Amino acid sequence: MHTRTFIIASLWAQWQLAVAAPTWPAPTDELEDILFLNTGYRSTGFATAVTPCSKGLQPRRVTSAEWLRTAFHDSISGNIYTGQGGLDGSIAWELDGLENEGNFADDSVAAWAPFVSDLTSLADVIAAATYALTRSCSNISVAVRGGRLDATEAGPQGAVPQPQNAIGIFRNQFARMGLDDKGMIQFVACGHSIGGVHGADHPEITNQDLANFDTTPTILDNQIATEYVSDTTLDPLVVGPSVNNKRNSDFRVFSADRNATIKSLAADPQLFASVCQSIFQTMIDLVPAGTQLSDPITPYDVKPYALQLTLLDGGSRLRFTGDIRVRTTQRDVSQVQLVYTTRDGVLAETPISTVYKGLAAGFDDSFSFYSFSIDLPVNTSISSFKVSVAYADATQTTFDNNGLSFPVQDTVIYQAPQSCFDSSGKLTVVAAVRDETAPNLQVLIKVPQASPNPVPSISTTTVPMAAQSAVGAYRLYSATLAFSPSVANPPVFGVFAGSVADARKGVNTGFSTSTTTSVSPSSTPTKDYSFQGCYYDSLNPRALSAHSTAADNMTVDLCASTCSQYHYFGLEYERECYCGNALDATSTQQSGTDCNMLCSGSSTQFCGGPHRISLYANDRYSAPVNPAIPGYEYQGCYSEGNTTRALLGHGFSAANMSVEYCAQLCRGATYFGVEYGEECYCDTTLQASSVPQPEADCAMLCAGNTSTYCGGPSRLSLYLNTTAPRLPVVNPTIANYTKSCLSERLYPESRVVWFGADWSVEISCMFVMFCREMQSIYVRVHTAPFRESCPSRKRDPLCMRSLTVIAI
Ligand code: HEM
């Protein structure tokens, strides 16, 4: 074992030993899923965005570094002397502040928002994010506790250290967190071990798109320190333009104690790892005074999910259903049974058997899920169970939930078969209650918060339930609640009677006794498409990535027509619609009940959930083709050139681009190629750096003919003239387009670029800049990506594409 791994693994093991096995249920159960169910059945997918550590939303962005910096900016408001601030989610209120310039904090909070609930605050999610990113970028493993409360307003300005600050100001800023010089240096070195500085946001520090802090920017290691100490550092906060512009803050910080601390970090990678673990722990445990943090969350060995009793058959039977998760990190499981006790405390003779349902995994743990469904006589019912696990090595363990058994109450039961959402948005909930205590229905609704906070708040509505008929030993109660269309998310609800509750039911948990009804509360239209199931969707990559829209009136039909040109479409998070011809390999099938968010445009259809997509196949789909062009032969999907375009001769862009149209524009050129849906290039030769790529890279449909392919981002669908090639004609006329070209003498790499007369509709920063410059006749040559000129908050994928020449 690598020494560093050993040290950290030992720390982790010691910490685990010190923490008692958790007792179920706990308020941190949802957070436990976020921390440990990265992939597979019932996975939350939370860590997918930072796995591997190098993943980013765009080139030259690293999500793990952005998450870490965002966590730091949230926590640095903490003041140990006043007990205020710390990791409190206040960052969500500060996204417009200059201290959070750029997209890093907006995108981090947006990625975290779906995981916030009444049980899990944004601040707890940020702690989980720190665990996920450090674990993905190193062997460091911070202990996550739950129970943080979110701030209701922005924290004080000026807490975040700025690169131009004097060392005395840095000292004060870190002293408020309880850190002395040594702690400050350690914290900055640990933070700046990954990621770097973006020139677009900090032109006074670097003129590069991304100047990394060290040569291992996606490994959280001590390279930042070793390179600094050996004078080989390229850290832009130590060397480069930041020096003259007095923004070389890492130099000021690292040299604050005459380099003593940074040298010690450089000398010992294990020390670096343990120091970073402890300082990140300090960062996430710095919370406002009075916050009650839970014990560190460790994975359950056995954890129940979706336990549900349902009264059936005129009150004679209770159906008991659910899933059991078993940790399989050390041992494979061969059989799982529930040994249960009746309502009167008698041990049932026959245990409840289970069937294997699926696998899941976290960074350090693996799990198997087992599901069960059994009908029990009402008069004996169930009060608790233990889980008997037989392992593949022929050993057997009974898990009794720290001696308490896993409790099941049958006093108040949510009755799924009688509950529904009707088409007018009315939620009707029926409960069966055994002791005549009139229950209440409590509904949790996610309500949008004031700008700039993108995280919804949770409001609770309580409605008394009215008595209905008696059914055997139970009485049914019901309540109805109408939802206004402005309610952003479908409700989670529970039925409460006295001190007992059947809580945290999703809208379609009610239909979970049958998998077919659970995914379709009413007649989901079945037209030219067929439902495929509920699938996992990580944010990056997307399950379906060809096209996406979102709308408040989203329905299955609307998404189907939006995606009519694609093989698949899917709905997610109530208002999002995705299209694609192939499902990403990371998108695996999940429990049908996970897709339980109602569509924003229809309360009778489900539109996925957080990281869950309700997937449909378009039954009328016929795959697009690379069309046959007379005189040409399709060569395949080719990359753009390394420093120049693959085809340098002429370039066109048109909203009605098609392969046929491009062939026409290129008029017999040896090569022509279509790219990015609406671009067309031609030349007599193909640059050597343009090489074949997988066909899947050229999956963009032509803007002017969606049954044919037109390349992809930096990918050409390439055609070769098989007859006698002719030189292309320069500057053909295109109706309604402004035309211009550059003199080859002035600009040897010149190419004609076409823009529609109505180009202002296509707003991207590239076009905005272009618009400004159009005031005078102006020619501008960009050989570098245009992004450097874009206002950072308006970054757009289009701006990332390099524009060799713009001519007006
Ligand atoms: C003197 C104190 C600090 C100053 C002046 C400072 C300043 C900066 C600046 C200017 C950037 C570049 C941001 C960009 O262009 O995207 C940056 C990036 C970063 N900072 Fe700090 N920082 C300080 C301390 C810390 C600490 C204590 C952490 C600990 C978590 C941290 C974590 C990061 C990370 C992870 C990045 C990389 C972000 C990315 O690649 O997107 N910083 N910092």
Side-chain angles (χ1 to χ4, degrees), residues 50 53-76 78 87 91 98-108 126 129-130 133-134 137-138 140 142 158-177 179 181 183-214 217-220 224 235-238 240-242 245-256 275-277 279-284 286 788 792-793 795:
V50 289
C53 179
S54 54
K55 221 178 208 181
L57 286 176
Q58 288 170 2
R60 289 175 287 280
R61 288 181 63 184
V62 177
T63 302
S64 52
E66 294 182 354
W67 280 18
L68 180 56
R69 187 167 179 235
T70 308
F72 166 55
H73 283 203
D74 192 56
S75 169
I76 185 71
L87 202 73
I91 190 83
L98 281 179
E99 293 172 344
N100 299 315
E101 198 192 0
N103 293 336
F104 77 102
D106 307 63
D107 288 339
S108 300
I126 300 177
T130 307
L133 79 92
T134 50
C137 301
S138 68
I140 292 171
V142 290
V160 176
Q162 299 299 310
Q164 65 274 25
N165 290 166
I167 188 67
I169 295 183
F170 289 148
R171 284 191 165 113
N172 286 341
Q173 286 171 319
F174 286 100
R176 284 199 290 261
M177 284 184 85
L179 299 177
D181 268 10
M184 169 180 76
I185 296 163
Q186 291 173 337
F187 197 12
V188 176
C190 292
H192 290 176
S193 170
I194 55 174
V197 179
H198 294 85
D201 298 332
H202 298 284
E204 68 292 359
I205 296 175
T206 179
N207 50 20
Q208 296 174 39
D209 258 1
L210 170 63
N212 293 322
F213 290 125
D214 65 19
T218 56
I219 305 175
L220 212 163
I224 175 88
D235 179 348
L237 291 174
V238 175
S242 69
N245 294 326
K246 299 196 177 2
R247 276 159 173 80
N248 52 342
S249 53
D250 278 3
F251 169 75
R252 285 203 295 289
V253 170
F254 294 161
S255 59
V275 156
C276 295
Q277 187 195 351
I279 211 137
F280 291 144
Q281 193 71 59
T282 305
M283 176 178 88
I284 63 173
L286 184 66
E788 280 157 22
S792 62
R793 294 188 73 84
R795 241 182 249 156

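Source: prediction; values computed, not measured. Both counts, for ligands and for their atoms, begin at 1 and track the order of listing. Every heavy atom of this structure was used, including side-chain atoms; hydrogens, water molecules and symmetry mates were not.
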Side chains of [X] and [Y]: closer than 4.5 Å at any heavy-atom pair?
X: Ile126; Y: Ile91; result: yes
X: Asn245; Y: Ile205; result: no
X: Trp67; Y: Ile194; result: no
X: Val188; Y: Phe170; result: no

Quick check on contacts: which atoms of ligand 1 are under 4.0 angstrom from a heavy atom of [X]?
X: Phe213; result: 17 (C), 18 (C), 19 (C), 36 (C), 37 (C)
X: Glu66; result: 41 (O)
X: Gln162; result: 5 (C)
X: Gly195; result: 40 (O)
X: Val253; result: 1 (C)

Looking only at protein heavy atoms, which one is nearest to [atom], and what is the separation?
atom: atom 24 (C) of ligand 1; value: Phe72 CE2, 3.5 Å
atom: atom 40 (O) of ligand 1; value: Gly196 N, 2.9 Å
atom: atom 2 (C) of ligand 1; value: Pro161 CB, 3.4 Å
atom: atom 29 (C) of ligand 1; value: Gly191 CA, 3.4 Å
atom: atom 19 (C) of ligand 1; value: Arg69 CD, 3.3 Å
atom: atom 16 (O) of ligand 1; value: His198 ND1, 2.7 Å
atom: atom 1 (C) of ligand 1; value: Phe170 CE2, 3.5 Å
atom: atom 20 (N) of ligand 1; value: His192 NE2, 3.0 Å

Ring centres under 6.0 Å, that's the criterion: do Phe104 and His198 meet it?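 For Phe104 and His198, the ring centres are not under 6.0 Å apart.
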Nearest heavy-atom pair of Gln173 and Ile76: which atoms, and what distance?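 Closest approach of Gln173 to Ile76: O-CD1, 4.0 Å.
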Locate the shortest heavy-atom distance separating Asp214 from Ser193; write the atom from each residue and the value.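 In this case the closest contact between Asp214 and Ser193 is OD2-O, 3.4 Å.
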Before signing off on this row, confirm whether Leu68 and ligand 1 have an N or O atom pair separated by under 3.5 Å.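 No, since none of the N or O atoms of Leu68 sits under 3.5 Å from an N or O of ligand 1.
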Is there a heavy atom in Phe187 that sits closer than 4.0 Å to ligand 1?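 Within the 4.0 Å threshold, so yes.
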Distance from Gln164 atom CD to Asn248 atom CG, nearest 0.5 Å?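 Taking CD in Gln164 and CG in Asn248, the distance rounds to 11.5 Å.
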Fit a plane to each ring of Phe72 and Phe187, take the angle between them on a 0 to 90° scale, and name the class: parallel (under 30°), tilted (30 to 60°) or perpendicular (over 60°).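 Correct class here is perpendicular.
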With a 3.5 Å cut-off and no angle check, do the side chains of His73 and Asn100 form a donor-acceptor pair?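 A donor-acceptor contact under 3.5 Å links the two side chains.
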Which residue from Pro236, Ser249, Gly199 reaches closest to atom 5 (C) of ligand 1 through any of its heavy atoms?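 Considering heavy atoms of Pro236, Ser249, Gly199, the nearest to atom 5 (C) of ligand 1 sits in Ser249.
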